[in-house]
Amino acid sequence: MNAPIAASRFAIPFSTDQVLIGGDWRAPDGAATLALEDPSDGGEFARIARGGAADVDAAVVAARAALDRGAWGRMSAVERGRVLSAIGRKVLDNVELLAALEVHDVGKPLRQARADAVALARYFEFYGGACDKVHGETLPFAAGYTALTLREPHGVTGHIVPWNYPMQIVGRSVGAALAMGNACVLKPAEEACLTVLAFARIAAEAGLPPGALNVVTGLGEEAGAALSAHAGVDHLSFTGSVATGALVQSAAARNAVPVTLELGGKSPQIVFADADLDAALPFLVNAGIQNAGQTCSAASRILVERSVFAAVRAKMAERYRALRVGPAAADLDLGPVISQRQKVVIEHFLGLARDDGLAIAGEGAIVDGAPRGGHYVRPALIDDVPADHVLAQDEIFGPVQVLIAFDGEAEALRIANGTKYGLVAGVWTKDGGRQMRMARALRCGQVFINNYGAGGGIELPFGGVKHSGHGREKGFEALYGFSTLKTVAIHHG
Ligand code: NAD
């Protein structure tokens, strides 16, 4: 095993305890700070600004000024595209810095952290190229009129981001919002936000005008709540838990502000007996343990047709027994989970499995020498779980997958659709008719046939139904969500 990098030996090359408002980095109102902990050893390794309502207010004012009086509001779509493309290139130049920050901040194994940084660049490449390709239409209408539509930015957009994929979520939501000409106020998660702060500096160096992106770090119930309730915000994009999403949407409703909600999931992968099991196996396990299971689209339920259940269980269990958990810098299969609190939640679910006599089919191991203060959890595959059991219904947000047996297509569908969530589903079958029937009948935002996740798919619209949220981010579709349509009818006789 590689020796873990001690948190104290990592020098962060910028001030982390400031907010970004109108192009200026400054101490937050009241100058309070919060500690950031390295999940690999539990040690404090940085401090961030504890921004609050006054900082959010200043950020909203700065964003509005950037639109009304600043260089950002005057830019054409082509010029915006050039700036976004330049940001993408500069992110690529800084992949190693961003990855190192993420290793310490989120506890993400180095390869995954690098992949997230590259994805952040890719979002800016994609949206940089898309800026000047979204347009209104002319409409056939009554004689004597010309009627047309204009695609316009909402204005000031608020972005509330969780800790599990800060770079990817900033890329998809801020990237699309900037592409449409909005000015953004961004509130990253208090547990992990250093890559967001680094990104804001990179974006400014690449030529993003002052005020187009403002960043206020702080607690959810302070800075996050202030942003959700701010009357000067024209659109909100929230990614996080169902409970917080409901609070954000309620606050926004008081100002009649539209909200995109990207919430949790309990996504299934469904394995039919005719599937190519060897092709499926890596996807079945990886989609459950990636980022230590702290992924909204984690495939936390594995539904297997009864005739191949034993074979799939045996193959998955073998893979689980080979999984290694350790410090993020050691770049193993899994790093730590984000916090002691998250670890306690996961262990609570594992305790419920034990209490109800559910067996563990396969379990990974924590490597020797992993720092005692780190938040390590052994990944666990739980055998033969009833579809209505709490472990098969609730989002655990840790490296725990449940195996569920089914008989035939109808039952597979009933179980797959039988939770309050509807984010993603995977289907493994060679039967073309079944592929299409399942794709149409699954109630969720994305269906993957004979793959899972399509390697991230920046181009593919993403979002949920039911408690997984509403609205779509990623792909071209996000550009419609981050803009509004104005109709103009001209009577010229
Ligand atoms: P969370 O809801 O606790 O926090 C998310 C963000 O909301 C953070 O920035 C937090 O500071 C802020 N927040 C907290 N309280 C707030 C309040 N009262 N008002 C406004 N903002 C507030 O979620 P989390 O634990 O950080 O993230 C995990 C959850 O996010 C999981 O449920 C996961 O499935 C979900 N998630 C969804 C997606 C998706 O695209 N659908 C992606 C990643 C994560």
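Remember, it's 1-based here, ligands and their atoms both numbered in the order they're listed. Not measured: the values here are computed from a predicted model.
- Distance from atom 13 (N) of ligand 1 to its nearest protein heavy atom, with residue and atom name: G220 CA, 3.3 Å.
- Ligand 1 has a nitrogen or oxygen under 3.5 angstrom from a nitrogen or oxygen of S241.
- Nearest protein heavy-atom contact of atom 9 (O) of ligand 1 is V161 O, 2.7 Å.
- In terms of protein heavy-atom proximity, atom 20 (C) of ligand 1 is nearest to G224 C, 3.1 Å.
- For the ligand labelled ligand 1, residue A223 lies outside the 4.0 Å heavy-atom shell.
- The shortest heavy-atom distance from L227 to ligand 1 is not under 4.0 Å.
- H230 and D57 share a side-chain donor-acceptor pair at under 3.5 Å.
- Side-chain contact between P188 and V170: absent, with no pair of heavy atoms (C-beta onward) separated by less than 4.5 Å.
- Proximity of S228 to ligand 1 is established by a heavy-atom distance of less than 4.0 Å.
- Between the side chains of D116 and Q168, at least one donor N or O lies within less than 3.5 Å of an accepting N or O.
- Distances below 4.0 Å separate heavy atoms of I169 from the following atoms of ligand 1: 42 (C), 43 (C).
- Checked against a 3.5 angstrom limit, the closest N/O atoms of T244 and ligand 1 fall inside it.
- Of all protein heavy atoms, the one lying nearest to atom 39 (C) of ligand 1 is C296 SG, 3.2 Å.
- The nearest protein atom to atom 25 (O) of ligand 1, hydrogens excluded, is given as W163 NE1, 3.3 Å; this is a heavy-atom distance.
- In terms of protein heavy-atom proximity, atom 41 (N) of ligand 1 is nearest to L263 O, 2.7 Å.
- Any N or O atom pair closer than 3.5 Å counts here, and K187 shares at least one such pair with ligand 1.
- Side-chain N/O atoms of H470 and E262 include no donor and acceptor closer than 3.5 Å.
- Of the polar atoms of V248, none of the N or O atoms is found under 3.5 Å from an N or O of ligand 1, judged by distance alone.
- Under the 3.5 Å distance criterion, with hydrogens and angles disregarded, a donor-acceptor pair is assigned to the side chains of H104 and D38.
- Per-atom contact check: atom 18 (N) of ligand 1 touches the protein, criterion being a heavy-atom distance below 4.0 Å.
- Among protein heavy atoms, the minimum distance from atom 32 (O) of ligand 1 is reached at E395 OE1, 2.7 Å.
- The protein non-hydrogen atom at the shortest distance from atom 11 (O) of ligand 1 is E190 OE1, 2.5 Å.
- Shown in contact with R172 at under 4.0 Å from a heavy atom are these atoms of ligand 1, numbered in order with element: 39 (C), 40 (O).
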